[in-house]
There are 2 protein chains.
Amino acid sequence: MEQHHTLAHVLRQEQLRYTNQRQAVWDEIKSTDAHRDAEEIYMALRQDNISVSRATVYRTIEVLVKYKLINKIDIGDGRSRYEHANNTEHHDHLICTNCGKILEFVDESVEELQCDIAKKYGFKLDYHIHQLFGLCKKCK
Amino acid sequence: MEQHHTLAHVLRQEQLRYTNQRQAVWDEIKSTDAHRDAEEIYMALRQDNISVSRATVYRTIEVLVKYKLINKIDIGDGRSRYEHANNTEHHDHLICTNCGKILEFVDESVEELQCDIAKKYGFKLDYHIHQLFGLCKKCK
DNA sequence: CCTATTGTTGAGAATGAGTCTCATGGATAT
DNA sequence: ATATCCATGAGACTCATTCTCAACAATAGG
């Protein structure tokens with residue numbers, strides 16, 4: 001899939017209309033580096049007196065994930081979190097199993113190894129999940 | 001956490017009783033190398049005319065995961081799958097985003113790098129998830 | 001412009017995996 | 001034996017997410 005760096009591009013590609021609600025969701029997600037779930041994003045919008053329904057939040061997130069403007073993070077507690085991928089180097093996550101803290105790490109050599117592995121098994125790699133779980137500095 | 005290789009060990013450790021139902025669930029999971037969800041394991045037991053409730057399947061799986069007799073695999077479709085870890089070398093997964101096929105791969109060098117990364121961030125590593133998503137040989 | 005068509009939205013219903021409750025019954029200990 | 005404790009199963013419940021559908025907004029064609 002091609003790279004699409006703006007909401008407008010993505011919507012055009014998907015033949016969806018550009019609307020204030022969609023822009024508002026995208027703006028809200030872009031506004032922090034946090035790893036928030038759909039409900040938190042929805043509540044943040046309400047806080048700002050922007051009226052967007054939960055359904056629209058979920059629907060917009062879906063497209064943003066598809067085009068990789070945001071990343072979906074699943075830390076195994078039953079709800080997905082999202083982070084914007086805007087001007088961000090690719091990274092993976094360290095997750096504290098005690099306090100839920102999420103740290104980001106970059107490791108080029110792991111990235112390269114992944115390509116090799118995929119090639120070896122005849123896979124055309126699309127994306128990956130690489131999460132290290134354990135106790136953070138404070139919790140251990 | 002210590003290593004516990006048998007159900008009896010695990011149950012003793014958790015101060016749980018050894019029961020036919022718990023053994024049946026463990027036997028069922030051990031019986032194949034498949035990556036099945038709780039419902040599939042439950043149905044397989046019913047197929048064999050073994051009467052174990054869904055609740056017991058879930059409860060037993062929980063303990064088995066805790067003691068790493070089985071691995072939980074989340075491929076992002078909303079249900080967890082499980083594979084036995086019996087006499088099995090540690091491995092991670094390649095997942096086909098088209099047909100859902102799951103392949104296993106082992107990569108020692110990735111394993112080592114993970115330790116380094118955890119150390120660098122002051123984490124005490126417990127376990128990790130490393131999944132490569134893409135199209136398998138057939139689907140691409 | 002006016003109207004038909006099509007896409008979007010929001011509210012709440014529906015879904016579905018997983019968890020919890022609680023009455024029943026089986027195991028254990030005294 | 002008998003009292004206590006634990007495990008079980010059926011179904012109620014939870015909660016994130018998806019779906020439905022009526023109302024509404026945008027767009028296109030005349």
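Quick caveat, the model's predicted, so the values are computed rather than measured. In what follows, every chain begins at residue 1, and chains take the letters A, B, ... in the order their sequences are listed.
- In this entry the distance linking CZ of B:R17 with P of D:dC6 reads 6 Å, nearest Å.
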*Report the C-alpha distance between A:D126 and B:K140 in whole Å, list the side-chain angles of each, state the deciding distance to 0.1 Å, and finish with yes or no for salt bridge (Lys or Arg N to Asp or Glu O under 4.0 Å).*
CA-CA 11 Å; A:D126 180 16; B:K140 77 183 178 189; over 6 Å; no
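- Checked options B:T32, B:N71, B:D33; the residue passing with B:H84 is B:D33 (criterion: side-chain hydrogen bond (donor to acceptor under 3.5 Å, both in side chains)).
- Protein atom CG of B:D77 is 19 Å distant from nucleotide atom P of D:dA16, rounded to whole Å.
- Here the CD-NE2 distance, from A:E40 to A:H35, works out to 11.5 Å after rounding to the nearest 0.5 Å.
- For D:dC6, the OP1/OP2 oxygens have no side-chain nitrogen or oxygen of B:T19 closer than 4.0 Å.
- Atom P of nucleotide D:dG9 and atom CG of B:N20 are separated by 10 Å, given to the nearest angstrom.
- For NZ of B:K119, the number of neighbouring non-hydrogen atoms (other residues, nucleotides, ligands) closer than 6.0 Å is 12 at most.
- Here B:S53 does not reach the OP1 or OP2 of D:dT8: none of its side-chain N or O atoms lies under 4.0 Å away.
- Shown here is A:K101, whose NZ atom has no more than 12 heavy atoms of other residues, nucleotides or ligands within 6.0 Å.
- Proximity of residues 21-43 of chain B to DNA chain C (heavy atom under 4.0 angstrom from any strand atom) is not detected for any residue.
- Remark: C1' of D:dG9 and OH of B:Y58 are 15 Å apart, rounded to the nearest angstrom.
- Taken from CD in B:E83 to CD1 in B:I102, the straight-line distance is 8.0 Å, to the nearest 0.5 Å.
- Once you apply a 4.0 Å limit to the heavy atoms of chain B, the touched nucleotides of DNA chain C run 5' to 3' over C:dA17 to C:dT28.
- Separating the CZ atom of A:R54 from the P atom of D:dT17 is a distance of 11 Å, rounded to the nearest angstrom.
- Here the two rings, on B:H90 and B:H130, have centers that are 6.0 Å apart or farther.
- Residues meeting the side-chain contact (heavy atoms from CB on, under 4.5 Å) test with B:Y127, sequence neighbours left out: A:T97, A:F133.
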